[in-house]
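Let me begin by presenting the structure, written as structure tokens, before commenting on it.
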Amino acid sequence: QVQLVESGGGLVQAGGSLRLSCAASGRTFSSYVMGWFRQAPGKEREFVASINWGGGRTYYASSVKDRFTISKDNANNTVYLEMSSLKHEDTAVYYCAAGRVAGPSPPMDYWGKGTLVTVSS
């Protein structure tokens, strides 16, 4: 069982930066693939980024590639999403997730409750 708690969301101006954090419980954190997904108002949840067990391989949605960076700190059971050059269309609730399958938009077994990111234009 893995419990995930996101933090770091808030209001930011377009062009600005924000870092999201996801604290995970459980002693097997290092064996999980971690990912970030987001859901904008009126839209379906979509994949943002994922990182494999050891942190050496990352995947990004084309809409965030070169602007967002996912990283994983196994020692502190935390995964991060560094977001820069934010756009109004990045406004969404961002969810942290954990699973066993690596790759872009992988199926996830555990989900956090989300943190809201609002980008003002």
Side-chain angles (χ1 to χ4, degrees):
Q1 188 78 9
V2 176
Q3 293 185 331
L4 305 169
V5 179
E6 304 95 336
S7 61
L11 175 65
V12 61
Q13 288 188 334
S17 300
L18 208 59
R19 187 178 80 161
L20 304 183
S21 300
C22 173
S25 65
R27 292 179 292 177
T28 59
F29 175 77
S30 61
S31 65
Y32 280 91
V33 171
M34 301 299 296
W36 287 95
F37 293 73
R38 67 186 182 187
Q39 186 168 19
K43 295 187 177 182
E44 293 186 354
R45 186 162 58 191
E46 64 176 4
F47 167 76
V48 175
S50 64
I51 187 167
N52 71 353
W53 312 268
R57 185 69 186 268
T58 57
Y59 301 87
Y60 296 94
S62 57
S63 59
V64 307
K65 191 174 174 60
D66 299 326
R67 298 189 299 121
F68 290 10
T69 301
I70 187 171
S71 60
K72 191 171 184 264
D73 183 349
N74 286 333
N76 292 301
N77 283 11
T78 304
V79 62
Y80 303 98
L81 185 69
E82 297 271 2
M83 306 184 293
S84 62
S85 302
L86 283 162
K87 305 175 183 179
H88 178 67
E89 50 264 41
D90 294 318
T91 295
V93 177
Y94 283 72
Y95 297 91
C96 176
R100 295 290 192 179
V101 179
S105 193
M108 294 300 196
D109 302 315
Y110 303 101
W111 294 86
K113 293 185 177 181
T115 185
L116 176 63
V117 172
T118 303
V119 183
S120 62
S121 55

Open item on the list: Are the side chains of Phe37 and Gln39 in contact, using a 4.5 Å heavy-atom criterion?
Closed with: no
Task: Linked, directly or transitively: Tyr110 and Val48 (ILVMFWY side chains, under 4.5 Å) - done: yes
Open item on the list: I'd like to check Ser84 versus Phe68 (side-chain heavy atoms, cut-off strictly below 4.5 Å). Are they in contact?
Closed with: no
Task: Point-to-point distance, once rounded to the nearest 0.5 Å, from CD of Glu82 to OG of Ser21 - done: 8.0 Å
Task: Distance in Å, Tyr59 OH paired with Arg57 CZ, rounded so as to fall on 0.5 Å steps - done: 3.5 Å
Open item on the list: Using a 6.0 Å distance limit plus a 45 degree cone around the ring axis, check whether Arg38 lies over the aromatic ring of Tyr95.
Closed with: no
TODO: Hey, could you give me the SG/CG distance between Cys22 and Asp73, rounded to the nearest 0.5 Å?
DONE: 12.0 Å
- [ ] Please step through side-chain contact (heavy atoms from CB on, under 4.5 Å) for the pair Val79 and Cys96, ending with a clear verdict.
- [x] CA-CA 8 Å; Val79 62; Cys96 176; 3.7 Å; yes
Task: Any donor-acceptor N/O pair, Lys72 side chain to Thr78 backbone, under 3.5 Å - done: no
TODO: State, with a plain yes or no, whether a side-chain heavy atom of Met83 is found less than 4.5 Å away from one of Tyr94.
DONE: yes
Without placing hydrogens or testing angles, list every side-chain donor-acceptor pair under 3.5 Å for residues 111-121, not counting sequence neighbours.
residue, atom, partner, partner atom, Å
Thr115, OG1, Gly9, N, 3.2

TODO: Please round to the nearest 0.5 Å and tell me the distance separating atom CD of Gln3 and atom CG of Asn77.
DONE: 12.5 Å
Task: Nearest-0.5 Å distance, CH2 of residue Trp36 to CE of residue Met108 - done: 11.0 Å
Open item on the list: Side chains of Pro41 and Lys43, heavy atoms from C-beta outward: is any pair under 4.5 Å?
Closed with: no
- [ ] Measure the shortest side-chain to side-chain distance between Met34 and Leu4 over non-hydrogen atoms and say whether it is less than 4.5 angstrom.
- [x] yes
Task: For the student: nearest non-hydrogen atoms of Ala102 and Pro106, plus distance - done: C-CB, 4.4 Å
Task: CD/Glu46: more than 12 non-hydrogen atoms of other groups inside 6.0 Å - done: yes
TODO: Spell out, as yes or no, whether a donor-acceptor pair under 3.5 Å connects the side chain of Asp90 to the backbone of Lys87.
DONE: yes
Open item on the list: How close do Leu18 and Gly8 get, counting heavy atoms only, and between which atoms?
Closed with: CG-O, 3.5 Å
TODO: Keeping the roles fixed (side chain from Thr91, backbone from Glu89), state whether a donor-acceptor pair exists under 3.5 Å.
DONE: no
Task: Whichever hydrophobic residues join Tyr80 through chains of side-chain contacts under 4.5 Å - done: none
Task: Verdict with reasoning, Asp109 to Arg100, per side-chain contact (heavy atoms from CB on, under 4.5 Å) - done: CA-CA 8 Å; Asp109 302 315; Arg100 295 290 192 179; 3.8 Å; yes
Open item on the list: What's the separation between atom CD in Glu6 and atom CG in Leu20, rounded to the nearest 0.5 Å?
Closed with: 8.5 Å
Task: Results of side chain to side chain contact (heavy atoms under 4.5 Å, CB included) for Thr58 - residues two or more places apart only - done: Ile51, Tyr60, Ile70
